[in-house]
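Following: one structure in structure tokens, then a few remarks.
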Amino acid sequence: MEFAELHGWCMTPRQAIALQKALAHRVCTESRLPQNLRHVAGVDVSFRRGDSLFHAAVVVVDLADMACVEAVCAAIEIRFPYVPGLLSFRELPVVLEAFRKLRSTPDAVLVDGQGIAHPRRLGLASHLGLWLGLPTVGCAKSRLCGEHPPPGRRRGERVPLVLDGTVVGTVLTTRDGIRPLYVSPGHMMDVPGAAELVLACTGRYRLPEPIRRAHQCANEARQRARSDINSPFH
DNA sequence: GCGACAG
DNA sequence: ATCTTGTCGC
């Protein structure tokens with residue numbers, strides 16, 4: 001199976017699973033981060049219950065001062081239902097559409113979802129990494145699979161996330177006294193590097209700054225589209 | 001068969 | 001993810 005087969009996105013869950021197994025072999029779990037890491041992107045997707053549109057945003061920030069370098073968003077129709085383990089088939093089309101509009105190329109991409117901490121080692125972050133050929137990190141707010149002891153409650157404390165006897169990620173506390181994040185390499189990234197990058201992008205909030213901004217950006221785009229229905233002029 | 005289950 | 005108001009706490 002080739003990437004081209006994804007163009008239609010008209011797959012059955014069974015076909016999607018077969019494709020994941022094939023693509024998982026292409027994922028690189030060694031760090032390919034540049035020495036001078038400067039521009040980190042965050043991606044997020046937003047949708048509304050009674051609507052059939054997905055909105056995605058990509059925000060690139062400068063790691064030195066968290067200043068926004070570039071921000072874009074896109075909107076397309078939903079083409080796939082939510083199925084745990086098949087999230088990329090639902091969200092990747094709109095995410096790729098947003099990246100198509102991006103003019104700059106980030107050094108790394110933080111994704112709202114899992115990387116290789118996935119039943120077939122191909123979470124949304126890994127799948128996106130393959131498409132983009134860029135280092136990606138999966139940064140999920142809850143667990144999809146794998147086991148771990150409870151991590152410490154202080155910022156920076158972490159425990160390994162183990163799946164089938166393999167460490168596939170890090171359960172990382174990003175703020176004192178809050179629920180941890182499930183951080184795993186997406187593509188061109190290793191387990192320790194993924195956790196360090198997330199920590200480097202996280203300040204006074206639970207989620208890393210690039211993802212927070214993308215989340216905000218995608219929501220604003222969705223609400224603008226919503227209001228345009230009632231007042232298309234303006 | 002039952003429970004788990006990113007967003 | 002989204003539906004939703006106020007509310008308890010640092």
Side-chain angles (χ1 to χ4, degrees), chain A residues 9 13 16-17 19-20 23-24 27 42-58 73-98 109-130 136-148 153-155 161-164 168-187 189 191 194-195 198 203-208 210-212 214-223 225-226:
Chain A
W9 294 99
I17 287 171
L19 181 54
Q20 286 181 329
L23 292 181
V27 171
V43 198
D44 194 40
V45 174
S46 164
F47 72 98
R48 179 178 283 277
R49 183 175 255 229
D51 200 347
S52 58
L53 275 184
F54 265 13
H55 285 80
V58 180
C73 54
I76 64 173
E77 296 288 317
I78 297 171
R79 298 178 182 182
F80 201 89
Y82 172 68
V83 180
L86 302 181
L87 183 63
S88 64
F89 295 88
R90 181 170 169 84
E91 297 201 342
L92 213 37
V94 69
V95 168
L96 292 173
E97 183 63 20
V109 183
L110 302 185
V111 182
D112 200 338
Q114 313 286 353
I116 62 171
H118 178 277
R120 291 164 295 279
R121 307 297 202 274
L122 199 84
L124 175 59
S126 300
H127 204 158
L128 177 63
L130 287 177
T136 57
V137 174
C139 190
K141 297 180 292 298
S142 60
R143 188 192 72 97
L144 174 61
C145 58
E147 302 80 43
H148 65 90
R153 289 182 164 68
R154 315 268 275 192
R155 169 177 166 88
L161 178 63
V162 177
L163 179 61
D164 301 325
V168 293
T170 306
V171 184
L172 176 67
T173 300
T174 56
R175 283 189 61 194
D176 291 357
I178 60 160
R179 281 190 309 154
L181 255 31
Y182 290 77
V183 180
S184 58
H187 184 46
M189 185 76 64
V191 169
V198 166
R204 81 172 277 215
Y205 298 97
R206 182 184 181 219
L207 293 175
I211 290 184
R212 285 190 64 245
H215 186 73
Q216 180 178 8
C217 194
N219 276 330
E220 290 170 356
R222 176 167 61 69
Q223 313 219 343
R226 177 73 176 151

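Computed from heavy atoms alone, side chains included, the values below leave out hydrogens, waters and symmetry copies. Chain A is the first sequence line, chain B the second, and so forth, proteins listed ahead of strands; every chain is numbered from 1.
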Between A:Asp112 and A:Arg212, is there a side-chain N and carboxylate O pair less than 4.0 Å apart?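 Between A:Arg212 and A:Asp112 there is no salt bridge, as every charged N stays at least 4.0 Å from the carboxylate O atoms.
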
Can you measure [X] atom [atom1] to [N] atom [atom2] for me and round it to whole angstrom units?
X: A:His127; N: B:dG7; atom1: NE2; atom2: P; answer: 18 Å
X: A:Phe47; N: C:dT2; atom1: CZ; atom2: P; answer: 6 Å
X: A:Leu172; N: B:dA6; atom1: CG; atom2: P; answer: 19 Å
X: A:Leu163; N: B:dC5; atom1: CG; atom2: C1'; answer: 14 Å
X: A:Arg49; N: C:dT4; atom1: CZ; atom2: C1'; answer: 11 Å
X: A:Arg120; N: B:dC5; atom1: CZ; atom2: P; answer: 16 Å
X: A:Phe89; N: C:dA1; atom1: CZ; atom2: P; answer: 21 Å
X: A:Arg175; N: C:dG9; atom1: CZ; atom2: C1'; answer: 12 Å

OP1 or OP2 of [N] less than 4.0 angstrom from a side-chain nitrogen or oxygen of [X], does that happen here?
X: A:Arg222; N: C:dA1; result: no
X: A:Lys141; N: B:dG7; result: yes
X: A:Ser142; N: B:dG7; result: yes

For A:Gly85, report the nucleic acid contact type (base, sugar-phosphate, nothing); a contact means any heavy atom under 4.0 Å.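 It contacts base atoms.
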
For A:Leu86, which contact category applies under a 4.0 Å heavy-atom criterion: base, sugar-phosphate, or nothing?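 Base contact - A:Leu86 has a heavy atom under 4.0 Å of at least one base atom.
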
Side chain of [X] (C-beta onward), nearest among [options]:
X: A:Asn219; options: C:dC3, C:dT2, B:dA6; value: C:dT2
X: A:Asp112; options: B:dC5, C:dT2, B:dG7; value: B:dG7
X: A:His215; options: B:dA4, C:dA1, C:dC3; value: C:dA1

So, taking the atom named NE2 in A:His187 and the one named CD1 in A:Ile116, what distance separates them when rounded to the nearest 0.5 Å?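 One gets 12.0 Å once the value is rounded to the nearest 0.5 Å.
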
Centre of A:Phe47's six-membered ring, under 6.0 Å away, within 45 degrees of the axis: is that where NZ or CZ of A:Arg90 sits?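 Judged by the rule (NZ or CZ under 6.0 Å from the ring centre, within 45° of its axis), A:Arg90 counts as positioned above A:Phe47.
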
Pairing residues for A:Leu161 by the side chain to side chain contact (heavy atoms under 4.5 Å, CB included) criterion, not counting sequence neighbours: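 Partners of A:Leu161 by the side chain to side chain contact (heavy atoms under 4.5 Å, CB included) criterion, ordered by chain and then number, come out as A:Ala117, A:His148, A:Val168, A:Val171, A:Tyr182.
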
Are A:Arg222 and A:Ser46 linked by a side-chain donor-acceptor pair shorter than 3.5 Å?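 Side chains of A:Arg222 and A:Ser46: pair found under 3.5 Å.
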
Check the geometry between A:Tyr82 and B:dG7 and answer yes if their rings are stacked (centres below 5.5 Å, planes below 30°), otherwise no.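 A stacking contact exists, since A:Tyr82 sits close and nearly parallel to the base ring of B:dG7.
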
